[in-house]
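As a basis for the values below, the full set of heavy atoms in this structure was taken, side chains included, without hydrogen atoms, waters or symmetry mates.
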Amino acid sequence: MEDMKKRNVFDVLKERGYLAQVTHEDEVRELLGRESVTFYIGFDPTADSLHVGHFIQVMVMTHMQRAGHRPIALVGGGTGMVGDPSGKTDMRKMMTRETVEENSRAFKKQFSRFLDFSEGKAMLVNNADWLLDLNYVEFLREVGVHFSVNRMLAAECFKSRLEKGLSFLEFNYMLMQSYDFLVLNRKYNVKLQLGGDDQWSNILGGVDLIRRVEGTPAYGMTFNLLTTSDGRKMGKTEAGAVWLDPDKTSPYDFYQYWRNVDDADVKNCLALLTFLPMEEVERLGSLKDEKINEAKKVLAYEVTRIVHGEEEAEKAKAASEALFGRGSSDAQVPGTTITRDEFMENSNIVDLLFLVKLIPSKGEGRRLIKQGGISVNEQRISDINHTLTDSDLEDGSLMIRRGKKVYHKVTVE
RNA sequence: GGGGGAGUUCCCGAGUUGGCCAAAGGGGGCAGACUGUAAAUCUGUUAGCUCAGCUUUCGGUGGUUCGAAUCCGCCCUCCCCCA
């Protein structure tokens, strides 16, 4: 990782497959190789935690910071009040000011795990600070004049919305984000904005604005969204997004998510989501058939380690090996602890499944059992009315398996 | 502001001579088989519950009726054409 300092980050990012589009490829590359550049990435506070879609941006910021550049994570406390229409087909729900502020705080906390904020090496700003008190007429005169509606309507990001409808509120999003870039350029000499590829139009808006208003160069660069080989967005599970918050997605589930990616996506994930040297990425990514499971283990471990720390990564790995391999059975397996009374009152298998939230409804539980999807201590349950007793407990706990790979340990105390 | 159209179960999308609709079909999800904790494929399943019965659903609300997703009134939202 040390040798990254010597190489131009631009080349690193390109080699690893992050880059999607660059406004001025040669100039940006030269700039990054010449001086310490302050850049920013915006995050919309649409939820109370970052998810894997954000994580790729965080990885980019980390690569950049390691190369001596200064990242600014911008939380969209102001833009979040409007909602980005890019690529969306439906109108966004408007969030209340309180929700936006709450989410912004949660983001702040998570960023500090990945970036070094000491001595001004990274910054976190909230565009609510300058957007919320804007004077409408002044804004129109300073920023609005520079935007051509004709060009905006032609932009790719509005296309789908032109068919389904686009409110004036959302139409303004591009101006706000462009203004962000301008403000940051003036305040902190930010010359470069990064973002997901869906942000291309918005980034271009800011680049153009700065060049017009300030007459100084500004650049933009976008990254490929984390998608599967067949183009679907990654990071979605039956339970929703894969979150970075351990309370929303446990380290074990997080580990399992990466352990189970498609063969075809392993290499890409290793390059984008870990810091492993590219030679290693190439080697692991080219493994075939059963062998590629090794690569998936490395992927799962590394990503979990970066996000949740070494200790949690070890635990997740141990638990996985215990359940799917031969490891010791004593490993930390996800589970629930219930009281003796609860166990007695919910001795019916369906009730118990419901109690520990392995099923969303009892109807679902009955269905699962009918289809052979539930096992207790590796014994398939076939009867909906199956009742559990003390004899099912081993050292005060029993292991339930739902489907092929969802394990849940129930401990009775 | 004027005229026209639409709002269905996770999503898309059938269904309007009122009962046979918890609601076609597809997608997605889940489960089973096959496997490598993969993909593809095949099969089953996909509102809830005290589950061979019952309860709550078809934008909201109030009606008509023995009975309404299907008919009527009002409201909300969205789309299209005109301004």
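Salt-bridge formation is not detected for the pair A:Arg305/A:Glu311: no Lys NZ or Arg NE/NH1/NH2 atom is positioned less than 4.0 Å from an Asp or Glu carboxylate oxygen. Checked for salt-bridge contact, A:Lys297 and A:Glu321 miss the test: no charged N lies under 4.0 Å from a carboxylate O. Checked for salt-bridge contact, A:Glu138 and A:Arg141 miss the test: no charged N lies under 4.0 Å from a carboxylate O.
In this structure A:Lys317 satisfies the side-chain hydrogen bond (donor to acceptor under 3.5 Å, both in side chains) test with no other residue, sequence neighbours excluded. With sequence neighbours left out, A:Tyr188 forms a ring-ring contact (aromatic ring centres under 6.0 Å, His included) with no residue at all. Every residue meeting the side-chain contact (heavy atoms from CB on, under 4.5 Å) condition with A:Thr389, not counting sequence neighbours, appears here in chain and number order: A:Ser391, A:Asp392. In this structure, the ring-ring contact (aromatic ring centres under 6.0 Å, His included) partners of A:Phe114, at least two apart in sequence or on a different chain, are A:Phe55. Every side-chain hydrogen bond (donor to acceptor under 3.5 Å, both in side chains) that A:Ser118 has, sequence neighbours left out, goes to A:Asp116. With sequence neighbours excluded, the residues forming a salt bridge (charged side-chain N to carboxylate O under 4.0 Å, His left out) with A:Asp263 are A:Lys296, listed by chain and number. A:Asp253 pairs by the salt bridge (charged side-chain N to carboxylate O under 4.0 Å, His left out) definition with nothing, not counting sequence neighbours.
In terms of polar N and O atoms assigned as donor or acceptor, the side chain of A:Gln371 never comes within less than 3.5 Å of the base of B:rG32 in a complementary pairing.
Judged as a ring pair (Phe, Tyr, Trp, His ring centres under 6.0 Å), the pairs with a partner in residues 388-413 of chain A (not counting sequence neighbours) are, in order, A:Phe324-A:Tyr407. The ring pair (Phe, Tyr, Trp, His ring centres under 6.0 Å) analysis of residues 335-389 of chain A, with sequence neighbours excluded, yields no pairs.
Rounded to whole Å, the distance from NZ on A:Lys370 to C1' on B:rU43 is 17 Å. Rounded to whole Å, atom P of B:rA38 lies 10 Å from atom CG of A:Asp262. Separating the NZ atom of A:Lys404 from the C1' atom of B:rC30 is a distance of 12 Å, rounded to the nearest angstrom. Put simply, OH on A:Tyr255 is 10 Å from C1' on B:rU37, counting in whole angstrom units. Here B:rG32 presents its C1' atom at 15 Å from CZ of A:Arg367, a figure rounded to the nearest Å. We find that CG of A:Asp263 is positioned 12 Å from P of B:rG36, with the value rounded to whole Å. B:rG36 atom C1' lies 7 Å from atom NZ of A:Lys296, rounded to whole Å. Remark: C1' of B:rA38 and CG of A:Asp265 are 10 Å apart, rounded to the nearest angstrom.
Only A:Ser361, A:Lys362, listed by number, bring a heavy atom of residues 355-362 of chain A to less than 4.0 angstrom from any atom of RNA chain B.
Base pairing of B:rU37: no nucleotide in any strand meets the Watson-Crick or G-U wobble criterion (both distances under 3.5 Å). Of the nucleotides present, B:rG5 is the one that pairs with B:rC78 by Watson-Crick or G-U wobble criteria, both distances under 3.5 Å. In this structure, B:rG25 and B:rC12 make a Watson-Crick or G-U wobble pair, each of the two defining distances being under 3.5 angstrom. The pairing partner recorded for B:rC71 is B:rG63, the criterion being a Watson-Crick or G-U wobble arrangement whose two distances lie under 3.5 angstrom. Across all strands shown, B:rA31 forms a Watson-Crick or G-U wobble pair with B:rU43, both key distances being under 3.5 Å.
Between A:Leu368 and A:Asp351, the residue anchored closer to the 5' end of RNA chain B is A:Leu368, taking for each the nucleotide with the nearest heavy atom. Toward the 5' end of RNA chain B, the nearer of the two residues A:Phe354 and A:Asn260, judged by each one's closest nucleotide, is A:Asn260.
For the C1' atoms, the distance linking B:rU9 with B:rG63 amounts to 25 Å, nearest Å. With P as the reference atom, B:rU55 and B:rC11 are 26 Å apart, rounded to whole Å. A gap of 16 Å separates the C1' atoms of B:rU50 and B:rU56, to the nearest Å. B:rC71 and B:rU65 have their C1' atoms separated by 10 Å, given to the nearest Å. A distance of about 15 Å separates the P atoms of B:rA24 and B:rG48, rounded to the whole Å. Going from the C1' atom of B:rG32 to that of B:rC20 covers 32 Å, rounded to whole Å. Look at the P atom in both B:rU77 and B:rA14: the space between them is 25 Å, to the nearest Å. Rounded to whole Å, the separation between the C1' atoms of B:rG26 and B:rG59 comes to 24 Å.
Remark: of the listed residues A:Leu272, A:Val60, A:Ile56, A:Val60 is the sole one forming a side-chain contact (heavy atoms from CB on, under 4.5 Å) with A:Phe223.
Using a 4.0 Å heavy-atom criterion, one finds that A:Gly363 contacts the bases of the nucleic acid, with or without backbone contacts as well. Within 4.0 Å of A:Ile292, counting heavy atoms only, lies at least one base atom of the nucleic acid. Contacts of A:Lys291 with the nucleic acid, taken as non-hydrogen atoms under 4.0 Å apart, are absent. Contact annotation for A:Gln256: base contact, defined as any heavy-atom pair under 4.0 Å involving a base atom. Within 4.0 Å (heavy atoms only), A:Arg401 reaches no atom of the nucleic acid at all. Nucleic acid contact for A:Arg259: base, since at least one base atom lies under 4.0 Å from a heavy atom of the residue.
In this structure, A:Lys405 reaches the B:rA38 phosphate: one of its side-chain N or O atoms is under 4.0 Å from OP1 or OP2. A sub-4.0 Å separation between OP1 or OP2 of B:rC30 and a side-chain N or O of A:Arg402 is absent.
A:Leu13 and A:His63 make their closest contact through CD2-CB, 4.1 Å (heavy atoms, listed as atom of the first residue, atom of the second, distance).
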Strictly under 3.5 Å: I want the nitrogen or oxygen pairs between protein and nucleotides 54-58 of chain B, one per line.
none

Could you write out each protein N or O paired with an N or O of nucleotides 81-83 of chain B at a distance under 3.5 Å?
none

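With ring centers used as reference points, A:Tyr179 lies under 6.0 Å from A:Phe139.
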